[in-house]
Amino acid sequence: MSYPFQIASFDEYEKAYKASIEQPEKFWADVADTFSWRKRWDEVLEWNFREPKVEWFKGGKLNITENCLDRHLESSADTPAIIWEPNDPTQKSRTLTYRELHFKVVQFANVLRNNGISKGDRVCIYMGMVPELAIAVLACARIGAIHSVVFGGFSAQSIADRLQDASANYIITCDGAYRGNKEIPLKSVIDDALVQCEFVEKVIVLNRTRTPVSMIRGRDVWWDEEVQKVDSTGNPDLPAVEMDAEDPLFILYTSGSTGKPKGVVHTVAGYMVWTTYTFVNVFQYKRGEIHFCTADIGWITGHSYIIYGPLCAGATSLMFEGIPTWPDAGRFWDIIDKHTVNILYTAPTAIRSLMGFGLDPLKGKKLDSLRVLGTVGEPINEEAWHWYNENIGKSRCPIVDTWWQTETAGCLISNLAGITPSKPGWATLPLPGVIPKIVDEKGDEVVVAEDGFIKGNLCLTAPWPGILRTTYGDHERCRTNYFAAYPNLYFTGDGCLKDSNGFYRITGRVDDVLNVSGHRIGTAEVENAINMHTGVVESAVVGYPHDIKGQGIYGFVIYNGLEKDMELIRKDITLTVTRIIGPIAKPDKIQFVSGLPKTRSGKIMRRILRKIAEGETKNLGDTSTLLDPGIVEEIKNGRV
Ligand code: WTA
């Protein structure tokens with residue numbers, strides 16, 4: 001049985017797109033009607049991008065976990081909901097059917113309640129990729145607590161910042177996490193963060209690695225012991241808490257071009273409708289298939305396409321604890337073979353890194369269960385696209401290049417697998433409900449093509465159900481970040497090209513946000529971290545093309561401390577960034593300079609630094625407006 005809103009041909013895509021633009025309220029009401037509601041909405045949509053205010057399915061009452069779990073119990077209780085593959089391939093994988101997952105979510109929801117957590121509370125989740133992470137997320141949603149998952153690669157300081165920003169009083173974590181041959185001491189990182197966050201009342205700790213941890217009486221409790229307490233009372237069937245369509249479901253922190261990461265807020269109903277609709281249509285999911293999204297649940301891709309989208313659709317979602325290159329570079333291919341995976345959704349950076357190992361790791365791996373391949377997170381270069389297509393998809397699996405953002409909840413521009421055409425390196429056509437507009441610096445629509453393409457900054461003109469609603473605790477920041485650059489438009493921060501077929505190619509960020517291995521990192525954030533290092537006077541960070549990561553981090557640093565061993569200082573600065581943000585933000589290159597190219601008004605000319613970092617030495621553009629044009633020569637000569 002296919003899904004009522006599944007688009008089955010190009011003609012149907014065109015019709016759906018047209019209907020979604022001409023009668024958005026009717027279109028989305030029809031989709032929303034296929035979900036389970038406690039009470040139907042009063043009004044489908046109310047919005048303006050001025051404030052901004054976006055409300056979908058206003059007055060509707062529901063709980064997203066009843067859509068992810070309960071409603072599948074009648075017909076598909078024994079369908080696997082989650083198949084979990086551990087880090088170590090010699091250990092057993094685990095399967096949780098919808099019945100089992102439902103049981104465990106209700107059980108853990110009871111644990112949360114017993115620990116004083118209730119609707120509206122913010123719960124920070126800092127765990128490895130174990131099934132309990134999905135259970136924790138869903139248990140929060142079941143009782144209406146707002147989860148804020150923090151990726152395991154962030155530092156204690158980053159966690160403390162997020163705990164404070166969200167005033168999160170509760171934490172769910174693991175003693176440790178396995179990633180390849182490493183063991184990451186998550187609880188001990190949490191302990192460091194909590195030195196600054198005395199307001200945290202409870203820390204629930206799952207035993208995964210049984211690494212020694214400190215457990216503070218009254219604050220820290222073991223997951224298993226709490227579950228046993230619930231079991232001894234017979235796991236009372238905790239009814240899901242009734243939520244308003246526009247109640248927050250979660251906060252997810254993401255980097256912008258200025259300041260600290262902001263807490264993007266998604267609300268229950270719109271997020272549910274958008275992730276499910278896009279999951280079913282982009283991947284053309286067929287019931288019974290196994291969907292393998294390789295992202296970490298610490299990022300939006302994991303939220304939307306490991307947990308909520310697939311589970312709402314009653315799909316089987318494969319969750320992998322480890323990394324693609326351990327114990328060897330054939331790990332993904334082993335998993336596909338072992339679990340007969342049908343859909344593989346991964347990042348260009350992973351593809352490029354695996355390409356580097358050649359074809360040996362593919363030998364003897366059966367990949368013929370694959371039907372659809374997907375990419376997300378950054379532009380995919382044609383070489384990687386063709387390698388993926390020929391060696392993994394054997395030229396018979398459509399590749400969906402899905403463009404979207406943390407703020408958009410799910411895919412906005414993407415081909416639909418096997419239904420709409422693909423073009424290597426191009427995200428192609430907008431999904432129903434998505435109305436792109438390409439503007440120039442002034443905000444005027446670009447209508448004239450240059451070299452065959454319309455080029456400019458990508459904006460969206462109307463809300464789709466999954467658009468972010470606010471940034472936690474600071475609505476004004478949401479307005480200035482996304483809705484102020486151009487009046488009445490949502491500005492994505494991305495540049496793009498549009499060809500004569502109306503296909504879009506996203507070319508990368510046009511703001512000061514880097515995309516390193518598909519992870520978003522603000523240059524300002526990295527600069528702040530570098531500047532905290534003693535002896536650093538000032539720094540400027542830019543991205544440069546990196547063969548595997550897509551972009552690497554290049555820091556120009558003015559240093560006048562006492563230590564004279566520059567190699568040592570370089571290491572010290574790297575360690576400082578790791579401590580302040582996390583290993584994902586480590587600069588790949590640091591160049592010590594005596595000054596930075598600044599305009600007379602004191603603004604750093606990043607354009608020049610970017611060109612130097614890219615290896616461009618000639619066409620640096622106009623440098624005459626610089627305070628000290630001579631500095632450019634010095635920086636050029638000292639490039640690392
Ligand atoms: C980039 C990840 C090109 C883009 C889902 C965007 C892409 C940022 C693509 C969001 C793609 C994502 N082609 N670029 N298919 N997908 N991006 O919030 O710059 O981690 O703005 O969300 O990744 O990153 P985020």
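Atoms within a ligand are numbered from 1 in the order they appear, just like the ligands themselves.
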Where ligand 1 meets Thr301 - atom numbers and elements under 4.0 angstrom, heavy-atom basis: 5 (C)
Using only heavy-atom distances, determine whether the side chains of Tyr544 and Gln551 contain a donor-acceptor pair under 3.5 Å. no
Show the atoms of ligand 1 that are less than 4.0 angstrom away from any heavy atom in Val376. 5 (C)
Between Thr406 and Tyr253, is there a side-chain donor-acceptor contact under 3.5 Å, judged purely by atom types and distance? no
Among all protein heavy atoms, pick out the one at the shortest distance from atom 1 (C) of ligand 1; state its residue, atom name and that distance to 0.1 Å. Gly377 O, 3.2 Å
Could you check which of Trp403, Tyr305, Trp404 puts a non-hydrogen atom nearest to atom 2 (C) of ligand 1? Trp404
I'd like to know if Arg479 pairs up with Glu51 as an ion pair, taking the criterion as any Lys NZ or Arg NE/NH1/NH2 lying under 4.0 Å from an Asp or Glu carboxylate oxygen. no
If you measure every N/O of Glu407 against every N/O of ligand 1, is any gap under 3.5 Å? no
Ring centers of Phe279, His291 separated by less than 6.0 Å: yes
Determine the interplanar angle of the His266 and Phe250 rings, folded into 0 to 90°, and report it as parallel if under 30°, tilted if 30 to 60°, perpendicular if over 60°. tilted
Side-chain H-bond candidate by donor/acceptor type, Thr267 with Glu246, under 3.5 Å: yes
Below 4.0 angstrom from a heavy atom of Asp401, which ligand 1 atoms are there? Numbered from 1 as shown, please. 11 (C), 13 (N), 15 (N)
Identify, by atom number and element, the atoms of ligand 1 in contact range of Thr402, meaning under 4.0 Å from any of its heavy atoms. 9 (C), 11 (C), 15 (N), 16 (N)
Please work out whether the ring planes of Tyr305 and Phe283 are parallel, tilted or perpendicular, with thresholds of 30° and 60°. perpendicular
Contact between ligand 1 and Gly493 is defined here as a heavy atom of the residue under 4.0 Å from a ligand atom; is it met? no
Give the numbers and elements of all ligand 1 atoms closer than 4.0 Å to a heavy atom of Asn515. 1 (C), 23 (O)
Taking both backbone and side-chain atoms of Thr492, is any N or O found less than 3.5 Å from an N or O belonging to ligand 1? no
Can you pull out the closest protein heavy atom to atom 13 (N) of ligand 1? Residue, atom name and distance to 0.1 Å, please. Glu378 O, 3.4 Å
For ligand 1, which atoms have a heavy atom of Ile300 less than 4.0 angstrom away? 5 (C), 22 (O)
So which of Leu412, Thr406, Asp494 gets nearest to atom 18 (O) of ligand 1, if we judge by its closest heavy atom? Thr406
Give the ring-plane orientation class for Trp464 versus Tyr490, where under 30° counts as parallel, over 60° as perpendicular and anything between as tilted. perpendicular
Once the angle between the rings of Phe491 and Tyr486 is folded into 0 to 90°, is it parallel (under 30°), tilted (30 to 60°) or perpendicular (over 60°)? perpendicular
For the residue pair Phe151 and His519, categorise the inter-ring angle as parallel (less than 30°), tilted (30 to 60°) or perpendicular (more than 60°). tilted
State the atoms of ligand 1, each with its element, that fall below the 4.0 Å cut-off from a heavy-atom position in Pro379. 3 (C), 13 (N), 14 (N)
Distance to 0.1 Å, residue and atom name: give those for the protein heavy atom nearest to atom 24 (O) of ligand 1. Arg520 CD, 3.2 Å
